[in-house]
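This one's a predicted model, so the numbers in the text were calculated from it and none came from an experiment.
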Amino acid sequence: MKILLLAGTGEARALAKLLADHGQDVLASLAGATRAPASYPVPTRVGGFGGETAQRDLVITNEFDAVVDATHPFAARISSRSIQISSELSVPYVRLLRCEWHAETGDDWHLIDHPGEASEHIPSGACVLLATGAASVSDWADLAEGRTLFCRRVDATDDPFPYEGDWIVGRPPFSLEEELETLRSYRITHLVSKNAGGPTSAKLLAARQLGLPVVMLNRPALPECDRVETPEEALEWLSQLKR
């Protein structure tokens with residue numbers, strides 16, 4: 001089989017290793033959002049496709065037998081487009097989507113569907129950690145009014161921070177001790193997070209330990225498609241195609 005792996009997550013790297021170990025012909029595709037992405041044990045392309053037509057042409061030219069989408073749970077645009085292209089070309093598609101986080105005893109969560117709703121749950125004068133990614137910092141403009149914001153990003157930048165506050169540069173995953181230090185040193189009163197899910201939930205544990213409210217952005221809806229939750233399940237899905 002020839003497989004296109006839409007990558008960029010820990011699950012994508014784990015699946016790439018499984019596929020490489022099984023001798024599969026795989027091309028991993030990274031969006032290039034970070035300057036030094038972790039390496040993959042399979043051939044890898046870095047950068048956007050250049051639009052829907054270019055992505056469709058790549059799938060056709062390379063004669064892929066399947067597409068495995070292991071991008072970030074909030075990469076809704078590329079996922080929706082990939083579902084559409086795969087359907088049009090009759091190429092099997094599966095979304096590898098890790099489990100969501102769920103509030104537990106001691107958590108003070110406020111669930112929202114859109115960034116504009118965050119200000120309803122965070123009072124004026126608050127000091128907020130946006131653990132939502134630098135690419136979406138403009139989505140939280142409404143929250144900036146009367147509040148101090150800090151946004152975490154992987155790579156340093158010369159771009160000025162657009163609100164009262166600053167960038168916090170760091171590469172995940174972060175330990176519980178590191179998250180506690182960040183929340184304390186910046187005097188954070190509220191945490192804003194996307195419900196990315198997965199094992200790296202130290203920021204949520206730290207917020208629980210410090211009794212901080214969390215505003216949690218729900219995942220975007222996706223078109224109907226095959227879905228799995230682990231690299232092992234994705235490998236099994238692929239093996240079913242060969243039978």
Side-chain angles (χ1 to χ4, degrees), residues 1-100 133-136 153-155 170-173 194 196-200 219-220 222-223 225-243:
M1 294 183 67
K2 195 168 185 180
I3 301 162
L4 174 60
L5 173 60
L6 305 178
T9 60
E11 290 80 13
R13 287 192 296 276
L15 177 57
K17 184 178 186 310
L18 286 175
L19 293 171
D21 290 345
H22 283 76
Q24 295 288 353
D25 185 359
V26 183
L27 174 64
S29 179
L30 291 167
T34 58
R35 295 174 187 169
S39 61
Y40 281 68
V42 297
T44 305
R45 67 175 299 278
V46 179
F49 291 109
E52 180 178 336
T53 299
Q55 183 178 346
R56 182 184 292 104
D57 289 345
L58 181 139
V59 175
I60 294 172
T61 301
N62 287 273
E63 299 181 335
F64 289 113
D65 299 299
V67 175
V68 180
D69 182 354
T71 56
H72 191 275
F74 280 77
R77 187 189 316 182
I78 186 63
S79 293
S80 296
R81 190 171 75 191
S82 299
I83 291 170
Q84 178 181 336
I85 292 172
S86 298
S87 177
E88 291 174 356
L89 299 178
S90 297
V91 176
Y93 167 101
V94 67
R95 182 71 166 102
L96 171 50
L97 198 61
R98 59 194 181 225
C99 291
E100 292 182 308
S136 63
R153 64 181 304 143
V154 174
D155 298 311
R171 183 178 291 271
K194 295 178 177 178
T200 55
R219 291 180 178 181
L222 275 180
C225 64
D226 285 352
R227 303 187 190 196
V228 294
E229 294 183 348
T230 67
E232 291 76 17
E233 290 176 357
L235 184 65
E236 175 61 23
W237 182 90
L238 289 165
S239 70
Q240 296 289 337
L241 297 180
K242 299 169 63 177
R243 295 175 185 173

Do [X] and [Y] have side chains that get closer than 4.5 Å, going by heavy atoms?
X	Y	answer
D155	R171	yes
T230	C99	no
S29	Y40	no
E236	S239	yes

Donor-acceptor contact present, side-chain R227 to main-chain V94, <3.5 Å: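 No, R227 side chain to V94 backbone: no donor-acceptor pair under 3.5 Å.
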Distance in Å, [X] [atom1] paired with [Y] [atom2], rounded so as to fall on 0.5 Å steps:
X	Y	atom1	atom2	answer
H22	L238	NE2	CG	10.5 Å
C225	Q84	SG	CD	13.0 Å
T44	L30	OG1	CG	6.0 Å
I78	Q55	CD1	CD	4.0 Å

Taking all non-hydrogen atoms of both residues, which atom of [X] and which atom of [Y] are closest, and how far apart?
X	Y	result
T71	A7	CG2-O, 3.6 Å
L222	A76	CD2-O, 4.3 Å
P223	S80	CD-OG, 3.6 Å
A14	P231	CB-CG, 3.8 Å
A70	A12	CB-CB, 3.7 Å
A16	V42	O-CG1, 3.7 Å

Among residues at least two apart in sequence or on other chains, which ones pass side-chain contact (heavy atoms from CB on, under 4.5 Å) with [X]?
X	answer
A134	R153, W167
P43	L27
L58	L4, R45, F49, N62, F64
P173	T200

Can you sort out the partners of [X] under salt bridge (Lys or Arg N to Asp or Glu O under 4.0 Å), two or more places apart, ordered by chain and number?
X	result
R98	E11
K17	D21
E232	none

Residue pairs passing the salt bridge (Lys or Arg N to Asp or Glu O under 4.0 Å) test where at least one lies in residues 50-62, sequence neighbours excluded: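 For residues 50-62, and leaving out neighbouring residues, the salt bridge (Lys or Arg N to Asp or Glu O under 4.0 Å) pairs sorted by first residue read E52-R56, R56-E88.
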Pairs satisfying salt bridge (Lys or Arg N to Asp or Glu O under 4.0 Å), at least one member in residues 59-85, at least two apart: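 Listed by first then second residue: D69-R95.
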